[in-house]
Amino acid sequence: QLQLVESGGGLVQPGGSLRLSCVASSGTLYHYAIGWFRQAPGKEREEVSCISSSGGSTNYADSVKGRFTISRDNAKNTAWLQMNSLDAEDTAIYYCAPGLGRFCPSISTVNHWGKGAPVTVSS
């Protein structure tokens, strides 16, 4: 069914910004809530943010609240994660994954992780 591809990662200096994209390469995005996750080197994967299928509801991990913004455009089959005020602690591989309807995905329920988008925050 739904296949998601992350892009937009790269190297950015502390305090900088980066926007990640999550594009449905197959299937239609509008059926699913979309979550962003990340995994830093040597650390457990963690939830970052989630947006409802309609885009009307969002939530964020405390560690990124106020700095990151999740959005989507179902007509474009795309979700984004805008990351501002980046810090070295944000260095990680970022993944997007679908939930179902209004239900956000979680680390324990995602059955497929893509390659992810690597983000390195360094001076």
Side-chain angles (χ1 to χ4, degrees):
Q1 47 179 3
L2 187 67
Q3 304 274 28
L4 301 179
V5 179
E6 305 93 341
S7 64
L11 174 66
V12 64
Q13 295 187 133
S17 297
L18 207 59
R19 173 177 277 174
L20 304 181
S21 296
C22 175
V23 179
S25 60
S26 65
T28 52
L29 201 65
Y30 66 80
H31 291 291
Y32 305 94
I34 298 296
W36 284 96
F37 305 80
R38 68 184 182 185
Q39 186 166 28
K43 296 186 178 181
E44 299 286 325
R45 200 190 311 268
E46 64 176 327
E47 300 177 26
V48 174
S49 184
C50 182
I51 187 167
S52 62
S53 57
S54 69
S57 179
T58 60
N59 56 61
Y60 301 90
D62 288 342
S63 59
V64 307
K65 195 171 298 182
R67 300 187 297 120
F68 290 12
T69 302
I70 190 170
S71 61
R72 67 189 296 159
D73 186 338
N74 290 335
K76 296 181 178 180
N77 255 357
T78 304
W80 296 271
L81 184 68
Q82 177 67 46
M83 305 183 294
N84 299 326
S85 301
L86 285 164
D87 183 83
E89 296 297 316
D90 298 312
T91 295
I93 299 176
Y94 285 73
Y95 305 88
C96 64
L100 182 61
R102 297 178 300 171
F103 298 101
C104 288
S106 66
I107 293 170
S108 62
T109 60
V110 175
N111 56 26
H112 175 73
W113 301 100
K115 292 184 177 295
V119 173
T120 301
V121 185
S122 176
S123 59

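Here, residue 1 is the first one in the sequence, and each next residue gets the next number. Below, each value reflects all heavy atoms present in this structure, side chains not excepted, and no hydrogens, waters or symmetry copies.
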- Roughly how far apart are Cys50 SG and Trp36 CH2, rounded to 0.5 Å? 12.0 Å
- Task: Taking all heavy atoms of Gly9 and all of Ala117, pick out the closest pair and write down the distance.
- Result: N-CB, 4.0 Å
- Tyr30 side, atom OH; Asp73 side, atom CG - distance, nearest 0.5 Å: 14.0 Å
- Does Arg45 count as lying over the ring of Tyr95, i.e. NZ or CZ under 6.0 Å from the six-ring centre, within 45 degrees of the axis? yes
- In one Ile/Leu/Val/Met/Phe/Trp/Tyr side-chain cluster, 4.5 Å: Leu81, Phe37: no
- Query: Could you go step by step and tell me if Ser26 and Leu2 meet the side chain to side chain contact (heavy atoms under 4.5 Å, CB included) rule?
  - Reply: CA-CA 6 Å; Ser26 65; Leu2 187 67; over 6 Å; no
- Message: Hydrophobic clustering (ILVMFWY, side-chain heavy atoms < 4.5 Å, transitive) - are Leu20 and Val48 grouped together?
- Response: yes
- Query: Any link between Tyr60 and Ile34 through a network of hydrophobic side chains (Ile, Leu, Val, Met, Phe, Trp, Tyr) touching at under 4.5 Å?
  - Reply: yes
- Do Thr109 and Asn111 come within less than 4.5 Å of each other through their side chains, counting heavy atoms only? no
- Task: Over 60° means perpendicular and under 30° means parallel, so classify the ring planes of Phe68 and Tyr94, tilted if in between.
- Result: tilted
- Under 3.5 Å: donor-acceptor pair, side chain of Thr91, backbone of Thr120: no
- Item | Donor + acceptor pair across side chains of Ser106, Ser108 (<3.5 Å) | yes
- Would Leu86 and Leu18 count as a side chain to side chain contact (heavy atoms under 4.5 Å, CB included) if you check the C-alpha gap in whole Å, the side-chain angles of each, and the deciding distance to 0.1 Å? CA-CA 8 Å; Leu86 285 164; Leu18 207 59; 3.9 Å; yes
- CE/Met83 to OG/Ser49 distance, rounded to the nearest 0.5 angstrom? 11.5 Å
- Nearest 0.5 Å, what's the CD-NE2 distance between Gln3 and His112? 6.0 Å
- Message: Check Asp87 with Arg67, please: is the shortest side-chain N to carboxylate O separation under 4.0 Å?
- Response: no
- Item | Glu89 vs Lys43, salt bridge (charged side-chain N to carboxylate O under 4.0 Å, His left out): CA-CA, chis, key distance, verdict | CA-CA 11 Å; Glu89 296 297 316; Lys43 296 186 178 181; 3.6 Å; yes
- Message: As an exercise, state the distance from CG of Leu4 to OG of Ser21, rounded to the nearest 0.5 Å.
- Response: 12.0 Å
- Item | Backbone N/O of Leu29 and side chain of Asn77: donor-acceptor pair under 3.5 Å | yes
- Starting from the C-alpha separation in whole Å, work towards a yes-or-no answer on side chain to side chain contact (heavy atoms under 4.5 Å, CB included) for Ser53 and Tyr32. CA-CA 5 Å; Ser53 57; Tyr32 305 94; 5.8 Å; no
- Note on the structure: Note: Pro105 and Ala33 closest approach over all heavy atoms is CD-O, 4.3 Å
- Look at Lys115 together with Glu6 and state whether they make a salt bridge at an N to O cut-off of under 4.0 Å. no
- Item | Heavy-atom closest pair, residues Gly56 and Ser52 | N-OG, 3.1 Å
- Item | Shared hydrophobic cluster, Trp113 / Ile93 (ILVMFWY, side-chain heavy atoms < 4.5 Å) | yes
- The reported gap from SG in Cys104 to CD in Glu47 (rounded to nearest 0.5 angstrom) is 8.0 Å
- Could you go through the side chain to side chain contact (heavy atoms under 4.5 Å, CB included) check for Ser7 and Arg19 one step at a time? CA-CA 9 Å; Ser7 64; Arg19 173 177 277 174; over 6 Å; no
- Item | Modelled atom types, side-chain donor and acceptor of Ser17 and Asn84, under 3.5 Å | yes
- Is there a side-chain contact between Thr78 and Arg72 (heavy atoms, below 4.5 Å)? no
